[in-house]
Amino acid sequence: MQAQYQPKTLEPAVQKEWADTKAFVAPDASAKPKYYNVGMLPYPSGKLHMGHVRNYSINDALAHFLRMKGFNVLQPMGWDAFGLPAENAAMANGVPPAKWTWENIAYMKRQLQSLGFAIDWTREVATCSPDYYRWNQWFFLRMREKGIAYRKTGTVNWDPVDQTVLANEQVIDGKGWRTGATVEKREIPMWYLRITQYADELVDALDGLAWPEQVKQMQRNWIGRSYGVEFTLPYAEETARRMNDGNKGLKVYTTRADTIMGITFAAVAAEHPLAAEAAKGNPALAAFIEECRKGGVMEADLATMEKKGMPTGLFVLHPFTRKPVEVWVGNYVLMGYGEGAVMAVPGHDERDFAFAKKYGLAITQVIDVDGQPYSTDAWQEWYEAPGVCVNSGKFDGMAQPAAINAVAADLGVMGLGEKRKQFRLRDWGISRQRYWGTPIPMILCPACGDVPVPDDQLPVVLPEDLVPDGSGSPLAKSPAFYQCQCPQCGGDARRETDTMDTFVDSSWYFFRYTCPGAKAMVDARADYWMPMDQYIGGIEHAILHLLYARFWTKAMRDMGLVKVDEPFRNLLTQGMVLNHIFSRRTDKGGIAYFAPEEVEVKADTEGKIASVALRADGSPVDYGGIGTMSKSKRNGVDPQDLIDRYGADTARLYVMFASPPTDTILWSDTSVEGSFRFLKRLWKLVHDHLEAGGPVAGRAPGEAAKELKDLRFKLHRTIDKVGDDYGRRLQFNTAIAAVMELLNALTDVKDASPAARAVAQEVLENAVLLLSPVVPHVTTVLWAELRPGTRLLDQPWPEVDKAALVQDTVELVLQVNGKLRGHVAVPATASKEEIEKAALASEAAVKFMEGKPAKKVVVVPGRLVNIVV
RNA sequence: GCCCGGGUGGCGAAACCGGUAGACGCAGCGGGCUUAAAACCCGCAGCCGAAAGGCGUGCCGGUUCGAAUCCGGCCCCGGGCACCA
């Protein structure tokens, strides 16, 4: 056996053996139970970053562990290959997105392979390949037939200079990222998917999922099912005349119908028809509405901006008092939300309260909570709490649920409203005015209207040679793409040039992995592998991706394509890998990012970052705090340096040992040395053991010395713990630490007897098995040395020897008044009374009780004794 | 702003169900080996204190024989907010 641990030669050799034996190709049928294990597919941004290494190292450890536990494991991989970065790269370098993407895929695949992940590459999926996205198109048409896909207008960010739609990411402080122009809202027609039709099931089914509670809670809140009252505020006479829209009044929705008598005004969105009507002949209002168009559509921006409003001069009537209520235009009311109009009860809604204070509108208390004194001077938390109606006429004295029922009933009698369930969740807008995505398979015919592309003409292939220039969609400027004949009438028509949201691609790729080459979207093989047993990916996907994939699965089920209700049985959301962000505003008002290695950081005396300068020319750079590693912020760390220097096993061991998978981690490579050192140590231990007399077969007979018994105790406790950490806790740092402790204990035993050598062999073999899911290369080689003629890949997970875990005495912690004062050793079988007696008689107890009698003695078996005096 | 997490030595962390705070590792310090360096090996190490001991898990308060862990309030950091993926 080689004396030196040499990952550079060892790892490629082991990888070649795996490839030659097709070690990780999973059969679609097996006598073993199946285990389908997927990491969220990466976007091919160019290079892997540490977040990927972390993600797939966790997946891979589980894949190996479950294989050793006797499962037929499938671990596939693919590429989320459509998206904006390819277009940005194309604009920067003039390279078509397709070429850039395929090159990135080739490079990143080599990186994944060099990390030695146990991936079944025969099932690889790239979402930009026509073989894949044709099924996006096919399924879109099926959804359209069922009314799940439909068209309506939606609001987008519009850059008036580049004449193009911007992604939220491309809007910085309300300005376009390239032009610096103030972004505007613009209404355009878009395709939507009726996810709200599944809202009830999406929220109810969460209860049955073995997902982190945190993620389920986020999804529940996001879907936001509420039971409220929808009602109409009737138009006042002049308003009805001017609106002349066939509606009786302004429709609003509220979950707080019990506060209805506190309405002092109403508010509508700037895009609301009532606002438009009111603006006629009111230049100030028209200017305000125009003002509201400025800025993007991001919810976070809308929620934090200053609440502004203006009266319309139009009135609606309070449904009960018939008193006029003035309608205001508010910049915080969203048109895409409910009806685009809200009732305002400043007495009991914090946002309305602030608005009323600002514009001097009336504030009325209509809810009493335990008689607390109400004042309009300042908002208090309890104003929003449920209570009892006051100043509410016939509703006075009613508690919240009764009041809501009574209000709804009365509104019903008047024909003005009723109870209604509502969701915060909105339908999924999938149209993108971009090039690098799945073409939406529709044709717009001047004679026939919207006409679907016939199935036999799918896929609508995306041309791969276009280069976007930042102003509008290249497809919309490419007659070769959009000119076509109407499939119905044969006349000249125009192809839809919008492409699909890339979340469509990632909503069902895990089905496609299960049936590569299927002639349909999926085939029966999906029924074998699905539902997925373990899904692992970043916490940033807790809502959107996971919700869309759940919806898509249910839509496929209802179309009879698959049998599962839910795609992901178990979910592990890994924490983000963060790094420092350095940026600078450009002279155009945009923003430019710099990689950490491009800047020089100076810290103040407390170690905080004080100043940053560009290495190239010393010019100042802004410190942007810390954030997720991403290509757009240029703060990703390429693992290749680590792999080149230390090998794949060290890189994997390092990311797994650094923290529990769900923790957010701030990137630092200072302790990589330690992981490398540990593998060298493991190698040396095996080497020295074998040099001293070769492998030992079997256990030594007879009663072992205490030292060896203790070592075997430690070994089997470690096997138990590591199995629990991998299988139940999905926590790897503690498992690795436990094996480190075990090897430290082995080193402490200085005994070269045959009995000791036999125990050492047992310890080393098991340590190799326990570590093999994390560091499969080095353990493959070490196993072959320890057990010549056998393969690590054929070994089952080790069994705990229960006999080795039997102990004669246990040491308990001794506390006096809750403070640690010593230890007391008792027989493992001692009763509570015997433990108490031994504790009270101990030297430490006598000393710290200072002669006082024990008031109480708490005994926790196997743990501690606490004497209270 | 709203929803969801997190905060423990110089650093990454451990403590799984309320029971020894800091396992394991990094960096550091002392020693060994070496002509020297690297590598490797042994030892020390939360803070204050000579010691006895005291203090200590973001901050303030509470429950408990006992709190990093449970409860109330606050501060800071991260993720998401529907066109980044």
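The chains referred to below are lettered A, B, ... by the order of the sequence lines, with proteins before strands, and numbering in each begins at 1.
When Watson-Crick and G-U wobble pairs are counted only if both distances are under 3.5 Å, B:C44 pairs with B:G28. Remark: B:A68 base-pairs with no nucleotide; criterion is Watson-Crick or G-U wobble with both hydrogen-bond distances under 3.5 Å. Pairing partner, B:U57: none, since no Watson-Crick or wobble contact has both distances short of 3.5 Å. Base-pair partner of B:G5: B:C77 (Watson-Crick or G-U wobble, both distances under 3.5 Å).
Using a 4.0 Å heavy-atom distance criterion, A:L864 is classed as a base contact. Here A:P660 lies in heavy-atom contact (under 4.0 Å) with sugar-phosphate atoms only. Among the protein residues, A:W428 comes within range of no part of the nucleic acid, since none of its heavy atoms lies under 4.0 Å from any strand. No contact: A:F678 has no heavy atom under 4.0 Å from any strand. Heavy atoms of A:R351 sit nowhere under 4.0 angstrom from any nucleic acid atom. Residue contacts for A:I626: at a heavy-atom cut-off of 4.0 Å it reaches the sugar-phosphate backbone alone, with no base atom in range. Among the atoms of the strands shown, none is found under 4.0 Å from any heavy atom of A:S506. A:Q433 comes within 4.0 angstrom of a base, heavy atoms only.
With a glycosidic angle further than 90° from 0, B:C81 counts as anti. Look at B:G9: its glycosidic torsion is within 90° of 0, and that puts it in the syn range.
To the nearest whole angstrom, the two P atoms, one in B:G61 and one in B:A67, are 15 Å apart. Taking atom C1' in both B:C47 and B:U34, one finds a spacing of 38 Å when rounded to whole Å.
Side chain A:R681 to base B:C40: no donor-acceptor pair is found below 3.5 Å. Side-chain atoms of A:N221 stay outside donor-acceptor range of the base of B:C3, with no qualifying N/O pair under 3.5 Å.
Residue-to-nucleotide proximity on RNA chain B shows that, of A:Q217 and A:E741, the 5′-proximal contact is made by A:Q217.
Ring orientation note: the planes of A:Y509 and A:Y535 are tilted relative to one another, at an angle of 30° to 60°. Ring orientation note: the planes of A:Y5 and A:W683 are tilted relative to one another, at an angle of 30° to 60°. In this pair, A:Y726 and A:F732 present their aromatic rings tilted. The plane angle is within the 30 to 60° band. Relative orientation of the A:W428 and A:F551 rings is perpendicular, given thresholds of 30° and 60° on the angle between their planes. Under the 30°/60° scheme for interplanar angles, the aromatic rings of A:Y56 and A:H52 are found to lie parallel.
Here A:F82 and A:Y133 bring their ring centres to under 6.0 angstrom of each other.
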Practice item. Go through A:L544 and A:F503 one step at a time and tell me if the side chain to side chain contact (heavy atoms under 4.5 Å, CB included) criterion holds. Key: CA-CA 8 Å; A:L544 292 181; A:F503 275 125; 3.9 Å; yes

Point to revise | Base versus backbone protein contacts along nucleotides 44-64 of chain B [heavy-atom cut-off under 4.0 Å; B, S, -] | key: ---------SSS---------

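For A:R729, taking side-chain heavy atoms from C-beta onward, the closest of the listed nucleotides B:A15, B:G19, B:C24 is B:A15.
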